[in-house]
Structure formats: structure tokens, C-alpha cells
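As the structure is a computational prediction, the values presented were derived from the model and not from experiment. Below, read A as the first sequence line, B as the second, and so on, with proteins coming before strands; counting in each chain starts at 1.
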There are 2 protein chains.
Amino acid sequence: MSSSQQALEAAHLIDRLERLVRAGEQAGDLNPAQWEALRFLARANRFSRTPAFLADYLGSTRGTVSRTLASLEEKGYIVRTDSARDGRSVEFALTAAGEKALKTDPLLALAQDIERTTMAKAVREALRKALHNAVQRNGGRAFGVCRTCRHFEAQVSPGSRAPHRCGLLDERLSQADSDSICAEHEATAA
Amino acid sequence: MSSSQQALEAAHLIDRLERLVRAGEQAGDLNPAQWEALRFLARANRFSRTPAFLADYLGSTRGTVSRTLASLEEKGYIVRTDSARDGRSVEFALTAAGEKALKTDPLLALAQDIERTTMAKAVREALRKALHNAVQRNGGRAFGVCRTCRHFEAQVSPGSRAPHRCGLLDERLSQADSDSICAEHEATAA
DNA sequence: CTCAATTAATTGCCAGTAGCTATTATTCTG
DNA sequence: CAGAATAATAGCTACTGGCAATTAATTGAG
């Protein structure tokens, strides 16, 4: 079997796995789009939890995302705050109920299925490269993790609770911040 | 990073890759459900290309699938035939236009992204195991490839154009048949 | 052999979703 | 300070997908 056939079958497998996940998602009181939003809010840093960034991340539109977030808010999984830095903007954060809901994320079941193959690391690395290729092809943004960004300045205030710094937004960053997805992320190499 | 974290991140990557594929699917004149149906018809053997099996495969309902197929038929990508073996049932097959459309399948782009990681084989094997786990968990059918089924009898008539045989349906099978997905598939081991 | 139960497919109906566009409020730019 | 750009949202529309009812064919029990 040629490598292109291997790859094609892998793509089909991804398709089917995802469909099973979506089937699991239909079961609860959240739809797939709402799950994706909830996951994003859990993984994004506080500068990125806005409707506009979420729309970019999901490849959706702002109007659509606005309703998705309104629905999550109504169900009590997230809370809205007016942005302190931009009067037009709002920011969202998970509530305790939201955190709890994520513990039943259907994606966790898939993660377990992958872990059981004992090849989780290889799969993750390959898929990460594949996503990189795919994002490049689509001309989209990478949405990388904060600490891998060119604006990230590590250990500016060692020992403090927010030891790092973002040179772009001029903000202090905790360890948790630096592990989160950031919408402003720019790759390091020029 | 623990293996469960690796696996979780792999699951997230699958989620994002699939979303990019879906975004690509929105572009053409087929929607995601129609693409999935078209792919299934291309990969399923002639005993399995019915609305009922497709609904099972997609984890959807017959009513929904009925419309999806009607739409594909109207667009000229597939043709409908009354089943010879069951007067209630219909069977579908790709037209030349359908074959041609599949050449622009957005999933092919994903396959190329995976191939470029040079880890296609490892990914495929891991995902195949993961899918097996996932299907087991959901209690669903595996929909395996014909020649791996317990009813498959190889080389019953060597040299003929349909050398193999299905012991369940009592049908002669060509090489192409034996490489296709079958809705009646049952695993070999008891 | 006959009639009831089952199964295949389709259609009408309805709820929910996503996208487009216009609107309002705010910020940025020159 | 005026005009352009941006953030978010609401109205509208088209589409999708599921449920339930219907028609047609097959199966099976007596």
C-alpha cells in the first residue's frame, strides 16, 4: 500500500472518528458548535475569549458565534464581561457548571480510545504537523500556545505569581496564561 | 507530558482537522452530509449501497438520508435502481459525474497534509485501532472490508472474473467487491 | 394459505442552525 | 475632530435534520 493510500485511509478514519464524536455530542444538552466554543474558552487565554476570535478559530462568522455564546450563557456554562480594554468587546469565561460540563466532553472518550492504542504520542505529533500543513494551505492563523509566541517574554519577574510577560499586549502572564491558546499568536522565526 | 494528555491533544487535533475539512466542504455544491454519502457509495459494495445501510453507517436516520440521496441524485452524481433481491429496497451507484466529483473531495487535501508528515502509516494504524475502540464503545457495527469477513470465501473459482464468494448472501464476488465496505460484515474470530 | 408483524423508503411537519445584511456603539487614524 | 474601521448583535431567510405517519413489500406464525 502506497503512502498516499495510507494517508487517504487515515483521512477517512479521521472523518469517521469525528462523526462518532459528533453523535456523542448530540446526546447532551449542547450541540457540536456549543461544545467547540466551550472547549475553546477552556483553552484560550483571557485576551482571546471574545466572539470575534472564536469565530476566526472556528472558521465561522461572528453572527453565528454570537448566538452560540448567548445560548451557552443562557444555560449557565459561561459568563459575559465587558472588556476593560475595548468598550466594543466582551469577554467570556467558564462558570463552575461549564468546567463541570467539560468533564463529560465526548472528546474525552475519543482521547481514551487513542490512548489505548499506545501510540498517542506519535499520533499527536503527526496530526500536529498535518494541522500545520492544513492551516498553511487555508491561509489561516495558527492560534498557537502563548509561550511559543515571538512576543512571549519568559521570567520577567521570577518568583511572582505572573512571572512572564506579553510584549505585544504589555500584560503580565501567569503560568496558566502562558500555556493557553492565544489569538494574537505569531510564530517565532521570522 | 503524560500519555493521556498526548491522547487528549490528539483528539483536539482531530477535531480541528475535521473542522477545516468541513469548511472546505461548504465551498462546493455539496454539503458535508452529501460528501459523506458520496464517499460511502464509492467505498461500499453493491449489497450495501442502500439508504438503510447508509443511515446506519452515518449514525443518521433513514428519513434524513433519503433526502440526502435524493439531492445527490437530482444533481446527477448518483443513480437509483430498484433492488432485485428486495422489492422494498433501492440501490445507488455513482455516475461518471459522481466519480469525477470525488476527485475534488476536500478529504483528499487532508490526506495530502497527512502524507507530507511522512508518518502516514503509523497514523493510519493508530487511528484504525482508535476507531475499533470507539466503535466497540458505541456498540456499533464495524462495517469492515468484505474480504476480512467470516463469510468471505476466497478463490472459489480461481481465474474467473468473480473468483470469490460471500457465504452469507450466496453471491459471487469480484476482486473489487472484496475490497469494499460491506454492511453485513462480521468479524472473523468467534 | 392468510393475516399480523416487521422492514424499506419516503414525505410532511417542525425546531434549530448558520449565514447574510443592516444597525449600533466604540475605537482608530489622519 | 471627522471619517473609516471594528466589535457585537438582531432580523431575516434558507437549509438541515429528526420525528412521526404513510405506503409498499417481505416474513413468519398459526
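- With sequence neighbours left out, A:Arg80 forms a salt bridge (Lys or Arg N to Asp or Glu O under 4.0 Å) with A:Glu73.
- Atoms CG and NZ, on A:Leu38 and A:Lys75 in that order, are 10.5 Å from each other to the nearest 0.5 Å.
- In summary, the side chains of A:Asp86 and A:Ser83 do not present any donor paired with an acceptor at a separation below 3.5 Å, with no hydrogens or angles considered.
- When the options B:Leu30, B:Thr68, B:Leu107, B:Leu72 are evaluated for a side chain to side chain contact (heavy atoms under 4.5 Å, CB included) with B:Trp35, the one that passes is B:Leu30.
- Annotation: side chain of B:Ile114 is not in contact with side chain of B:Leu17 (no heavy-atom distance under 4.5 Å).
- Between B:Ser89 and C:dA9 there is a side-chain polar atom (N or O) within less than 4.0 angstrom of OP1 or OP2.
- Whole-Å rounding puts the B:Arg22 CZ to D:dG17 C1' distance at 12 Å.
- Not a single donor-acceptor pair under 3.5 Å links the side chain of B:Arg116 to the backbone N or O of A:Ala130.
- A:Arg49 places its CZ atom 18 Å from the C1' atom of D:dA8, with the value rounded to the nearest Å.
- Rounded to a whole Å, the CG atom of B:Leu72 is 14 Å from the C1' atom of D:dT16.
- Side chains of A:Leu8 and B:Leu108 form a contact here, defined as non-hydrogen atoms less than 4.5 Å apart.
- Salt bridge absent: A:Arg19 and B:Glu18 never bring a charged side-chain N and a carboxylate O closer than 4.0 Å.
- In this structure, the salt bridge (Lys or Arg N to Asp or Glu O under 4.0 Å) partners of B:Arg46, at least two apart in sequence or on a different chain, are B:Glu171, B:Asp177.
- Contact check for B:Val79 versus B:Leu94: no side-chain heavy atoms found under the 4.5 Å cut-off.
- The side chain of B:Thr68 sits closest to D:dG17 out of D:dA8, C:dA8, D:dG17.
- What separates CG of B:Leu58 from C1' of D:dG18 is a distance of 14 Å, to the nearest Å.
- Taking atom CG on B:Asp29 and atom C1' on D:dT16, their separation rounds to 17 Å, with Å as the unit.
- Relative to the axis of its first five pairs, the axis of the last five pairs of the helix from C:dC1-D:dG30 to C:dG30-D:dC1 sits at 20°, rounded to 10 degrees.
- If you measure from atom CG of A:Leu30 to atom C1' of C:dT17, you get 15 Å, rounded to the nearest angstrom.
- In terms of phosphate contacts, A:Thr61 brings no side-chain nitrogen or oxygen within less than 4.0 Å of OP1 or OP2 of C:dC20.
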Could you pull out the protein-nucleic contacts involving nucleotides 9-13 of chain D (nitrogen or oxygen on both sides, under 3.5 Å)?
residue : atom : partner : partner atom : Å
D:dT9   : OP1  : A:Arg80 : NH1          : 2.1
D:dT9   : OP1  : A:Arg80 : NH2          : 3.4
D:dT9   : OP2  : A:Ser66 : OG           : 2.8
D:dT9   : O5'  : A:Ser66 : OG           : 3.3
D:dG11  : N7   : A:Arg67 : NH2          : 2.9
D:dG11  : O6   : A:Arg67 : NH2          : 2.8
D:dC12  : N4   : A:Arg67 : NH2          : 3.3

Identify each atom pair where a protein N or O and an N or O of nucleotides 26-30 of chain C are less than 3.5 Å apart, giving names and distance.
residue : atom : partner : partner atom : Å
C:dT27  : OP1  : A:Gly87 : N            : 2.8

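- The salt bridge (charged side-chain N to carboxylate O under 4.0 Å, His left out) analysis of residues 92-109 of chain B, with sequence neighbours excluded, yields the pairs B:Arg39-B:Asp105.
- For the pair B:Trp35 CH2 and D:dT16 P, the computed distance is 15 Å after rounding to whole Å.
- In this entry the distance linking CG of A:Leu54 with C1' of D:dA8 reads 13 Å, nearest Å.
- A:Ser83 comes within contact range of no nucleotide atom at all, as no heavy-atom separation falls under 4.0 Å.
- Taking 4.0 angstrom as the limit, B:Asn31 places none of its side-chain polar atoms (N or O) nearer than this to OP1 or OP2 of D:dC15.
- A donor-acceptor pair shorter than 3.5 Å cannot be found between the side chains of B:Thr81 and B:Glu91.
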